[in-house]
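What follows is one structure encoded as structure tokens, with my remarks underneath.
All of these numbers come straight from a predicted model, not from anything done at the bench.
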Amino acid sequence: MRTIGIISEYNPFHSGHRFHLNSLRQSFGPDCALVCVMSGNFVQRGDAAIADKWTRARFALEGGADLVLELPTPWAISSAEQFARGSVALLDAAGVVDTLSFGSEAGRLAPLEAAAAALDSPRWQEALREQLALGLSFPAAREKAAEALLGQEAACLRQPNNNLGVEYLRALHTLGSTIQPHTLQRLGAAHDKTAQDGPHRSASQLRAALLKEEYLSLSPFLDAQAVEVLRKNPASLSFCTRGVLARLRGMSEAELERLPDCGEGLSRLLCRAVQQASSLEELYLLVKSKRYTHARIRRLVLWAFLGLCAADRPERPPYLRVLGFSPRGRTVLRDMKSRARLPILVKPAHIAGLGTEAQRLFQLEARCTGLYGLCQKTLGGISQESEYRTGPVFSPQQVP
């Protein structure tokens, strides 16, 4: 049985995600197993997920996934490079995945592989330092450095899903993984864009519509049953604005410096801006500059709110946490028991039998889940105890 890995946020699971999973079964056969590594309750754009991780895992299983593993928070809310490294490390450690599939604007591997090779070359760091010295933001400096090595082929790095794909390829290379990459052309609105053409909408558009209660615009991109669930109690960091600002206003510049990617004077700017800002968007805009991107600032604010620092992210995740599975996923789990290179957590109670690093990460995850509950529109849905009391979701639906 072929086992295909997918790295996802499913924030929320929509028609484009369903198309991806269906396309994989058409390409690799109806009996292939689809193993998803999915972000937990917080996501890479520096926000709370629109729905909790168990709800999103259920939607993924109903949409065709077979097994959903959690990408722990310290990787889920990191830069593209660390996000990719954590996700690929989990798929590789599962011991059963033979292919990693991802969507990209390029729709083919050749330009992404060329970019990945350039970024891993000895000349890369020197070229990057030269561009950063000119005061460019990291993404802009990265693109300029790549142009110096690749010429016009570096254009693929201007698009977000291509960028992630390049980081997945680099992570596979760094790990020496035998997993083979596979990419599909991404269709529909681009990530974080509002274009209305194409067969699919971006997750950003769908989240915005949910938060604005524009439910009629969600069809046919979200299932009606999913809309009913999502509209009941969506989550967003903006619902906890005062809590976030209070947390950051109580932090010193030295504490802010311990956040990942908070050097180069950024901690000083953030420390000053948070004393002035009356909303999260105002805070982001006060700090944003040519050098510091909006996405980087959002992630820093989220790390600060969650009480995390760079030291809270080990080199690699220490366990495989199961969020949900289908009947075929149960078969994959049986296979993983003899082949996985990390312990598998099916029941929360299993954490008691693991080492100190694993227990520390699980406790951190529980604390973050408690804070996620404060980001829900109506309090009381999720708490820290949910991490210890909630087992994996089982979906009996077997996709042919």
Side-chain angles (χ1 to χ4, degrees), residues 4-11 17 20 34-40 42-46 49 68-94 97-109 111-121 124-125 128 138-139 141-143 145-146 154 156-184 186 191-192 203 260-261 293 295-296 298-299 302-303 310 312-318 320-321 341-342 361:
I4 318 301
I6 301 108
I7 297 169
S8 61
E9 290 186 323
Y10 293 151
N11 186 33
H17 299 131
H20 183 199
L34 305 181
V35 176
C36 300
V37 168
M38 188 188 78
S39 300
F42 294 94
V43 293
Q44 202 214 5
R45 70 187 304 270
V68 181
L69 304 174
E70 180 179 13
L71 177 63
T73 297
W75 289 272
I77 63 173
S78 291
S79 66
E81 182 177 359
Q82 292 297 332
F83 177 91
R85 287 189 178 186
S87 302
V88 171
L90 288 174
L91 290 174
D92 188 66
V97 175
D98 52 67
T99 303
L100 167 59
S101 179
F102 56 89
S104 66
E105 292 86 359
R108 56 196 184 93
L109 286 173
L112 306 182
E113 289 174 330
L119 268 57
D120 283 333
S121 71
W124 164 249
Q125 288 299 330
L128 181 62
F138 181 82
R142 183 173 182 264
E143 183 182 335
C156 69
L157 294 175
R158 296 172 188 166
Q159 296 166 302
N161 292 282
N162 284 346
N163 257 314
L164 269 177
V166 168
E167 294 302 337
Y168 296 152
L169 295 174
R170 294 181 70 199
L172 288 171
H173 178 262
T174 298
L175 289 170
S177 176
T178 59
I179 295 174
Q180 296 299 304
H182 170 267
T183 191
L184 289 172
R186 191 182 189 281
H191 175 72
D192 272 351
D261 304 319
T293 65
R296 180 178 176 182
R298 291 180 68 101
R299 285 194 293 270
L302 180 56
W303 274 77
D312 289 317
R313 186 179 60 211
E315 184 178 351
R316 296 178 188 176
L320 296 156
R321 173 81 183 279
R341 295 187 298 279
L342 285 175
L361 179 63

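A heavy-atom distance below 4.5 Å is not found between the side chains of Arg170 and Val88. Between Leu175 and Arg316 the shortest side-chain heavy-atom distance falls below 4.5 Å. Inter-residue side-chain proximity for Pro74 and Leu361 is flagged as met; some heavy-atom pair is nearer than 4.5 Å. A heavy-atom distance below 4.5 Å is found between the side chains of Glu105 and Pro160.
The CD atom of Gln125 sits 6.0 Å away from the CG atom of Leu128 when rounded to the nearest 0.5 Å. Between atom CG of residue Leu90 and atom CE of residue Met38 there is a gap of 12.5 Å, rounded to the nearest 0.5 Å. Within the model, atoms CD of Glu167 and CZ of Phe83 stand 11.5 Å from one another, a figure rounded to the nearest 0.5 Å. Rounded to the nearest 0.5 Å, atoms CG (Leu71) and SG (Cys36) are 12.5 Å apart. A distance of 11.0 Å separates OG in Ser8 from CG in Leu34, rounded to the nearest 0.5 Å. Between the NE2 atom in His182 and the OG1 atom in Thr99 there is a gap of 8.0 Å [rounded to 0.5 Å].
Between Thr178 and Gln180 the shortest heavy-atom distance is O-NE2, 3.2 Å. Of all the heavy atoms in Ala93 and Leu320, the pair that sits closest is O-CD1, 4.2 Å. Minimum interatomic distance between Ala116 and Leu169 (heavy atoms only, all atoms of both residues): CB-CB, 4.0 Å. The minimum heavy-atom distance between Ala203 and Asn11, with the atom names listed, is CB-O, 3.5 Å. The shortest heavy-atom contact between Ala115 and Leu157 is CB-CD2, 4.2 Å. Between Ala106 and Pro111 the shortest heavy-atom distance is CB-CG, 4.1 Å.
Between the side chain of Glu9 and the main chain of Ser39, no donor-acceptor pair closer than 3.5 Å is present. Judged by distance alone, the side chain of Glu143 and the main-chain N or O of Ala154 form no donor-acceptor pair under 3.5 Å.
With sequence neighbours excluded, the residues that form a ring-ring contact (aromatic ring centres under 6.0 Å, His included) with Tyr168 are Phe102. Partners of Gln44 by side chain to side chain donor-acceptor pair (under 3.5 Å), not counting sequence neighbours: none found. Residues satisfying the salt bridge (charged side-chain N to carboxylate O under 4.0 Å, His left out) test with Arg296, not counting sequence neighbours, are Glu264. Legend: residues meeting ring-ring contact (aromatic ring centres under 6.0 Å, His included) with His173, ordered by chain and number and at least two apart, are absent. When the salt bridge (charged side-chain N to carboxylate O under 4.0 Å, His left out) test is applied to Asp92, the partners found at least two apart in sequence or on another chain are Arg341.
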Next on the checklist: Applying side-chain contact (heavy atoms from CB on, under 4.5 Å) to Ile4 and Asp98, what does each step give before you reach the verdict?
Outcome noted: CA-CA 6 Å; Ile4 318 301; Asp98 52 67; 4.1 Å; yes

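Applying the salt bridge (charged side-chain N to carboxylate O under 4.0 Å, His left out) test to pairs two or more places apart or on separate chains, those with a residue in residues 68-83 are Lys53-Glu70, Glu70-Arg321, Glu81-Arg85.
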